[in-house]
Amino acid sequence: MNKKIDFLLQLYRANSILSRKLCGYLGFVEFMILYHLSNSNDKRLRRIDLADLLGLTASGVTRVLIPMEKIGFIKRDLSEKDGRARYATITKDGINLLKDSINIILEKIDEIIPPDKMWEIEDVTKFLSSIK
């Protein structure tokens with residue numbers, strides 16, 4: 001088997017397993033959006049910046065943001081400086097959901113990843129962040 005193809009297959013498999021096990025009631029993309037918004041200046045980001053952080057297209061991000069706004073986890077607004085730029089801002093309900101989700105995810109990670117493998121997370125994270 002080709003090592004590069006095997007790597008891609010295992011990466012996709014791991015992503016699928018983690019997405020399914022970590023976020024039962026909140027989709028993983030929605031979790032990532034809330035996480036990035038909560039860690040940004042002013043708790044808001046342009047949709048294009050979210051797209052870059054998530055590896056999605058701007059329209060793909062918009063499709064996720066619309067239901068999140070309807071539920072009340074984010075609000076979308078126009079930029080004061082550029083009427084074409086749209087921002088997503090995390091709401092108080094979004095922050096509360098994110099806090100609950102982080103606690104659940106941390107517990108699940110402890111169940112999924114054996115304690116003797118935790119040291120590898122930093123190296124794998126560094127490697128994965130280098131993929132462009």
Side-chain angles (χ1 to χ4, degrees):
M1 183 174 261
N2 184 299
K3 288 182 181 183
K4 292 176 184 176
I5 298 296
D6 189 42
F7 168 76
L8 290 176
L9 294 173
Q10 291 304 321
L11 183 62
Y12 182 81
R13 179 180 172 275
N15 177 60
S16 298
I17 290 169
L18 291 173
S19 294
R20 185 180 69 245
K21 288 187 176 186
L22 295 181
C23 294
Y25 63 95
L26 176 68
F28 200 65
V29 172
E30 289 85 352
F31 170 78
M32 291 189 302
I33 287 172
L34 293 176
Y35 184 82
H36 287 302
L37 290 174
S38 75
N39 287 299
S40 66
N41 294 337
D42 301 327
K43 308 289 185 219
R44 67 186 237 165
L45 288 168
R46 293 180 310 158
R47 147 184 100 103
I48 193 75
D49 295 327
L50 279 169
D52 186 49
L53 288 166
L54 302 173
L56 298 174
T57 63
S59 63
V61 168
T62 299
R63 281 192 293 277
V64 177
L65 292 178
I66 291 171
M68 291 180 75
E69 181 179 30
K70 287 180 182 176
I71 297 169
F73 297 140
I74 63 118
K75 65 179 184 169
R76 293 183 307 150
D77 46 53
L78 294 173
S79 168
E80 301 83 32
K81 297 177 184 175
D82 181 358
R84 297 170 296 163
R86 288 212 170 254
Y87 281 89
T89 306
I90 191 168
T91 63
K92 185 176 180 176
D93 286 344
I95 290 170
N96 291 335
L97 177 63
L98 178 65
K99 286 178 184 176
D100 291 343
S101 297
I102 286 174
N103 290 332
I104 291 167
I105 285 172
L106 290 175
E107 288 175 15
K108 298 256 183 190
I109 287 173
D110 289 340
E111 293 172 13
I112 295 169
I113 300 173
D116 64 325
K117 297 291 184 180
M118 291 299 286
W119 65 272
E120 296 178 26
I121 288 177
E122 188 174 321
D123 290 338
V124 173
T125 301
K126 191 182 294 183
F127 170 73
L128 292 174
S129 67
S130 71
I131 297 174
K132 300 288 180 204

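Residues in residues 57-75 take part in these salt bridge (charged side-chain N to carboxylate O under 4.0 Å, His left out) pairs, two or more places apart or across chains: E69-R76.
Partners of K117 according to the salt bridge (charged side-chain N to carboxylate O under 4.0 Å, His left out) rule, which considers only residues two or more places apart in sequence or in another chain, are E120. Every residue two or more places apart in sequence or in another chain was checked for a salt bridge (charged side-chain N to carboxylate O under 4.0 Å, His left out) with R47, and none qualifies. Residues satisfying the ring-ring contact (aromatic ring centres under 6.0 Å, His included) criterion with Y12, sequence neighbours excluded, are absent altogether. Remark: T57 engages S59 in a side chain to side chain donor-acceptor pair (under 3.5 Å) (not counting sequence neighbours).
Considering CD1 of I112 and CD1 of I105, their distance stands at 9.5 Å, rounded to 0.5 Å. T91 contributes atom OG1, which lies 8.0 Å from atom CD1 of I74 (distance to the nearest 0.5 angstrom). Once rounded to the nearest 0.5 Å, the distance linking CG of L97 with CD of E30 reads 9.5 Å.
Taking both residues in full, the closest heavy atoms of A58 and A51 are given as N-CB, 3.8 Å, listed atom of the first, atom of the second, then distance.
Cluster annotation: I48 is not connected to L53 through the hydrophobic network of ILVMFWY side chains, with a link wherever side-chain heavy atoms come within less than 4.5 Å. Hydrophobic clustering of Ile, Leu, Val, Met, Phe, Trp and Tyr side chains at less than 4.5 Å, counting indirect connections, unites L98 with L106. Placement of I71 and I66 in two distinct hydrophobic clusters is found when ILVMFWY residues are connected by side-chain heavy-atom separations under 4.5 Å, directly or transitively. Linking Ile, Leu, Val, Met, Phe, Trp and Tyr residues whenever their side-chain heavy atoms come within less than 4.5 Å leaves L11 and L54 in two separate clusters. Residues I113 and V124 do not share a hydrophobic cluster, clusters being chains of Ile/Leu/Val/Met/Phe/Trp/Tyr side chains in contact below 4.5 Å.
Between F73 and the options L65, D93, N96, a side chain to side chain contact (heavy atoms under 4.5 Å, CB included) holds for only D93.
Side chains of L56 and V29 form a contact here, defined as non-hydrogen atoms less than 4.5 Å apart.
In this structure, Q10 places its CD atom where more than 12 heavy-atom neighbours from other residues, nucleotides or ligands lie under 6.0 Å away.
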R44 vs D77, side-chain contact (heavy atoms from CB on, under 4.5 Å): CA-CA, chis, key distance, verdict: CA-CA 10 Å; R44 67 186 237 165; D77 46 53; 3.8 Å; yes

Identify all side-chain donor-acceptor contacts of residues 31-38 below 3.5 Å with residues at least two apart in sequence or on another chain.
| from | atom 1 | to | atom 2 | distance (Å) |
| --- | --- | --- | --- | --- |
| S38 | OG | L34 | O | 3.4 |
| S38 | OG | Y35 | O | 2.9 |

